[in-house]
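To start, the structure itself, in structure tokens.
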Amino acid sequence: MPQNVRCVVKSASILAKCRQASAHQTWRGNLRTSASRPSGRRTPVSPPHRLYNTSAPAPGGSTSPSSSSSSSSVVERAVRLSMAPLNGSVKMQCTRCDADGAATTTTLSKAEVASEYGLSPRDLQVVDVPSQGFPHILVRESTILVHVFDLRLLIQADRILLLHVDGLADTTISQVFTYDLQNKLRGDGSHVLHRKLGEAFELRALEAALASVAAGLEALYLGARRDVGLALRRLDEQMAGREEESVHTALRELLDMARRLADIEQRARLVRNALQELLREDQDMADLYLTDKRDGRRHAAAEHEEVEYLFEAYFRAHDAVVHEAAALMANVHRTDDTIRSILANRRNQIMILETKVEIAMLAMATATLVAGWYGMNTVNFLEQSEYAFAVIVSGSVLGGGMIWMFLLRRLRNIRRKKF
């Protein structure tokens, strides 16, 4: 065996022995430490780490404090959110309302709600999450679950349960629904017609929920349209006054309104898609007649004309909001593009003017250079000439003019050049 190979093998064996010895010493030190602790107190043992992402560094790896703290906060938040739907003991504030409009407030857990209303725990998985959520309507044997933004509602044949979720930024739809539902159930005003026609309680409650959502989105759209109109009028006045700084401020406000319109359009689109999904399911629409099912008159899959008309009406209402918001948002973007192009044209004109001024200064610099040459205190043999001054001045002016015309022609050719 060569000498260098023997040295490598020998060094590798020595390194392995050193590692074994250090591991043995560490184990014995830990054993002495655990033996020296009092027997009455137990030291908490850290749970084992599971690395589901093999590309991520191990818990003992070298990571920056900021990244480790942010990742740990994200993990803790994700664990809380993942455990909340599975925790059936979570208490929620609820409002019960019967067919006569009598309302009572109570506190129920998710397990109690699922057991009382015949739902699966999975149906209530995201019902208490403090976010707008994804709009959907679930039809079960004896209950209809309505989850549309901040409105979380359970409907049965003779009662409803409104769930109140803490942490929601906007509860407009829930407030509108509560007021509108009380009027319908009590038979006040124009809602007496529903009682005369004998419409089922669950359909009245479902229509009240859909009407509240449509009214909330329509109100948001009307407010945004009014603000956009005011912003456009202010922008026209500022464009007429040629105040570019104020125009940029108005453009930023207009873009903020465009974001509001995009949010309204997206929310209306989600509700429309949820209604469209129900319109495609004949059996789900037939199962919405909870009162008839309770009385033993189950509807066939094709017997859902009244429910279909109800969903189609609110489908068209939300579809109108989607198209109107999209059209207004497109108008805002077109206005923004037009004004930006006008401002860009103004800036281009200013740059052209600056370029022409610089060209004129360059032409004048030529004549100044000649004057500087003849202004030096040196003998140039032209001091006694009668025509020297006229020739030099006219030549300088003529040369500067030729340079100016040549550079202007080059600038004109550059502007006409096609890209």
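Rounded to the nearest 0.5 Å, atoms CG (Leu353) and CG (Asn348) are 12.5 Å apart. Within the model, atoms CZ of Arg347 and CD1 of Ile342 stand 11.5 Å from one another, a figure rounded to the nearest 0.5 Å. Interatomic distance, OG1 of Thr107 versus CE of Met92, reported as 10.0 Å (0.5 Å rounding). Rounded to the nearest 0.5 angstrom, Arg152 CZ and His164 NE2 are separated by 12.0 Å. How far CG of Asp98 is from CD1 of Ile160: 9.0 Å, rounded to the nearest 0.5 Å.
With hydrogens and angles disregarded, no donor-acceptor distance shorter than 3.5 Å links the side chain of Asp319 to the backbone of Phe315. With hydrogens and angles ignored, the 3.5 Å screen pairs no side-chain donor or acceptor of Asn345 with any backbone N or O of Ser341. Counting only distance, with no hydrogens or angles, the side chain of Glu202 and the backbone of Thr291 share a donor-acceptor pair below 3.5 Å. One N or O on the side chain of Asp123 and one on the backbone of Ser120 form a donor-acceptor pair closer than 3.5 Å. Using modelled atom types, one side-chain atom of Lys293 and one backbone atom of Glu141 make a donor-acceptor pair closer than 3.5 Å. Side chain of Ser109 to backbone of Glu112: a donor-acceptor contact under 3.5 angstrom is found.
Here the side chains of Asp150 and Thr172 are not in contact, with every heavy-atom distance at 4.5 Å or above. Side-chain contact between Leu108 and Lys91 is absent, with no heavy-atom pair separated by less than 4.5 Å. Using a 4.5 Å heavy-atom threshold, the side chains of Tyr117 and Arg140 count as separate. When side chains are defined from C-beta on, Leu161 does not count as touching Thr95, because their heavy atoms never get closer than 4.5 Å. Looking only at side-chain heavy atoms (C-beta outward), Phe134 and His147 stay at 4.5 Å or farther from each other.
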Listing, residues 219-231 side-chain donor-acceptor contacts under 3.5 Å, not counting sequence neighbours, or none:
residue : atom : partner : partner atom : Å
Asp227  : OD2  : Arg260  : NH1          : 2.9
Asp227  : OD2  : Arg260  : NH2          : 3.4

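Comment: Asp336 engages Arg340 in a salt bridge, judged by a side-chain N to carboxylate O separation of less than 4.0 angstrom.
Identified under the salt bridge (Lys or Arg N to Asp or Glu O under 4.0 Å) test for residues 158-175, with sequence neighbours left out: Glu116-Arg159, Asp158-Arg294.
Environment of CD in Glu277: sparse, with no more than 12 heavy atoms of neighbouring residues, nucleotides or ligands closer than 6.0 Å.
Both cation-pi conditions hold for Arg267 and Phe149: the charged atom is under 6.0 angstrom from the six-membered ring centre and inside a 45 degree cone around its axis.
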